[in-house]
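These values consider heavy atoms only, across backbone and side chains, with no hydrogens, waters or symmetry-generated copies.
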Amino acid sequence: MCGIAGYLFKDGARLSDNHWAGLTEGAVRAMQHRGPNGNGVHKEEGALLVHTRLSILDVEHGDQPLHSHCGRYVLIGNGEIYNYKELQNELSQKGIACKTGSDCEPVVHLFAELGAGIFHKLRGMYALAIYDKAEKTLTLARDPFGIKPLYIAETGLGVGFASEPNVFLASGWVKRQLNESKLPEALVQNWTGGTETLFKGIKRLAPGEVLRLQDGKVVESFIIASLGNENYDATLDEALDAFDAKFMDSVEKHMQSDVPFGVYLSGGVDSSAVTTAMAEHEKQVSSFSIGFESEDVPDETGLAEEVAGALGANHQNISFSEEDFWKYLPVMVERMDDWCADYAILPVLKLSEFASQHVTVVLSGEGGDEFFAGYSRYRKPVWKTLFKKEKNDSQRFSNLFKQDIEIHKNNPPVELDKLQKKQWQDIQGWLPHDLLLKLDRSLMAYGLEGRVPFVDKHVSNFGFSLPSHLKMKGKTGKYLVKMWLSHVVAGWFSKGGYLTFKESLFAKKRGFSVPIASWLSNRAEDLLACFESSTWLDDSIERAELQKWLKAGKLNQKQALVVFRLLSLCLWYDVHIAGTGYPEILKKKG
């Protein structure tokens, strides 16, 4: 895991030595948390590549940039290529030897032969930049599910790219301006989709997007699809055997590392499945979980401890308090430069800070719900958001928002069945723009690499292609994964413990709740003061209605979700656009 950044300048662009230095130093400074173990630079007329490294594989010799065997191509990358050993063997058969054990080195050698075709062969998570010194072109690529982030910004000088938007702000490549066209979308959901961000002039590469740049501009682009169109028809036993083989292989691949690794274990289905598979390959797994010091939400760390105990894991649990909420809020605002207001970021930040003292790589269960149909909303007979206006927060709180706002949703392929269409929407939107973004920023804030075995092209395509009756059964979602897990762990618990665990597997999905209603209510006066300075929201928000909520003294859960979204949006604006910094009044203890 690393940070990458760079620039491809237009022909004839002239930069002073100070300008070169500012772009380089700005990139290194903005990405230091992503790569605390070192940095590397490739600079020549018309191009600049900057890499900050978090050492995972070949700790001693895997520095970047990496150069092709012919010397023509230069690569910097962020992520992990899980089939790099197979690619090394392919090169060896052609008489090309890799000089390092880096998982990215085979990519640059094969790019010399296959060009952008190499990206179809990769299994992993990645954001890659490959510079062609002969043609003066730059190729950018992001993995098909969008696990790793990559952004571009075009200016009069050329095109910049980076792992995080903050790079462009730190180097002065773009001005700090709000993209007002994305504000309505941000107001009614926790994230923004598509390629546009809340920064004017900064765009995301779409998941699976490959760009070719020349003369300081984009000249070609295409998308590598994340999902196939095959349908898997099998009996339950056949599907269980197939899942077991694919998932076990994925977890084993995701465990490749030359540094210590662990797992985030909540006790839920997905994290328990990952931990169970890890225990098949590792004598003692290091697992971590977090609970809450509050009576408003259940503390479910006990189940995580039971699972860890049954698997013989070295488990550590920490708690998250109201004081922690306000302590980590400024960290969230700073790190979530690509804005996202998912309150689960806050406890994950604390858990990541703690885990970073013990491991460098963490596996997590993201993707299980999307690919194997775990969400309760998938079981509704008609999913209205696919075809008509969604009852979003702008309608639910019509006295707060000045207008109803449509959330743009892409139309799913017509050949998908009803369940797959629902899954497809989440895989294209919620997964990359909230869940995976949250994981990337929360872990990289503390120099941790996050890996997601469910978001593997073999496992994900298998789950997506399953017939509906193997994904949902009655009120039970994620049916196949739950059946697999209940079979695999049967012999690891005492009889009573196993029955308790199996009952929890098939219980209603709990989710990850944070008691934000009471914690925000306790700081209502401070929040009012913060909102008073956010005059830029007046075109969208009825300020009197917001004041009424906060002066009432106690927010209900739905109000609290909207207030948290507005608060994080206002704080993001102060830090990343206005440059006024995090407000002093919220730095004080409540």
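- Partners of Glu220 under the side-chain contact (heavy atoms from CB on, under 4.5 Å) rule, at least two apart in sequence or in another chain, are Arg212.
- Residue pairs meeting the ring pair (Phe, Tyr, Trp, His ring centres under 6.0 Å) criterion with at least one member in residues 113-136, sequence neighbours excluded, do not occur.
- Here Asp249 pairs with Lys253 in a salt bridge; the nearest charged N to carboxylate O distance falls below 4.0 Å.
- Remark: Ala206 pairs with Thr195, Glu209, Ile223 by the side-chain contact (heavy atoms from CB on, under 4.5 Å) rule, at least two apart or across chains.
- Contact detail for Val514 and Pro347: the closest heavy-atom pair is CG2-CG, 4.0 Å.
- Checked against side chain to side chain donor-acceptor pair (under 3.5 Å), Lys200 has no partners two or more places apart in sequence or in another chain.
- No side-chain donor-acceptor contact under 3.5 Å links Ser534 to the backbone of Trp536.
- For the pair Asp103 (side chain) and Ile81 (backbone), a donor-acceptor distance under 3.5 Å is present.
- Residues passing the ring-ring contact (aromatic ring centres under 6.0 Å, His included) test with His69, sequence neighbours excluded: His109.
- In the displayed structure, Glu45 atom CD is contacted under 6.0 Å by at most 12 heavy atoms of other residues, nucleotides or ligands.
- Residues passing the side-chain contact (heavy atoms from CB on, under 4.5 Å) test with Ser540, sequence neighbours excluded: Leu183, Leu187.
- Within 6.0 Å of the CD atom in Glu180, the count of heavy atoms belonging to other residues, nucleotides or ligands does not exceed 12.
- Applying the side chain to side chain donor-acceptor pair (under 3.5 Å) rule to Asp338 yields the partners Tyr151, Arg204; only residues at least two apart in sequence or on another chain are considered.
- For Phe462, the ring-ring contact (aromatic ring centres under 6.0 Å, His included) partners at least two apart in sequence or on another chain are Tyr232.
- Note on ring orientation: taking the six-membered ring where Trp is involved, the planes of Tyr73 and Phe111 are perpendicular (angle over 60°, cut-offs 30° and 60°).
- Here the side chain of Trp339 pairs no donor or acceptor atom with the backbone of Ala186 at under 3.5 angstrom.
- Take Phe247 and apply the ring-ring contact (aromatic ring centres under 6.0 Å, His included) test, not counting sequence neighbours, and it matches Phe243, Phe454, Trp484.
- Not counting sequence neighbours, Asp434 has no partner by the side chain to side chain donor-acceptor pair (under 3.5 Å) test.
- Evaluation of the side chain to side chain donor-acceptor pair (under 3.5 Å) rule for Ser226 yields no partner, not counting sequence neighbours.
- For Phe161 and Phe168, the ring centers sit 6.0 Å or farther from each other.
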Side chains of residues 2-18: which donor-acceptor pairs under 3.5 Å do they make with residues two or more places apart or in other chains?
from  : atom 1 : to     : atom 2 : distance (Å)
Tyr7  : OH     : Ser171 : OG     : 3.0
Arg14 : NH1    : Gly12  : O      : 3.4
Ser16 : OG     : His19  : N      : 3.1

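- When only modelled atom types and interatomic distance are considered, Glu334 and Tyr582 share no side-chain donor-acceptor pair under 3.5 Å.
- Aromatic ring centroids of Tyr82 and His254 lie under 6.0 Å apart.
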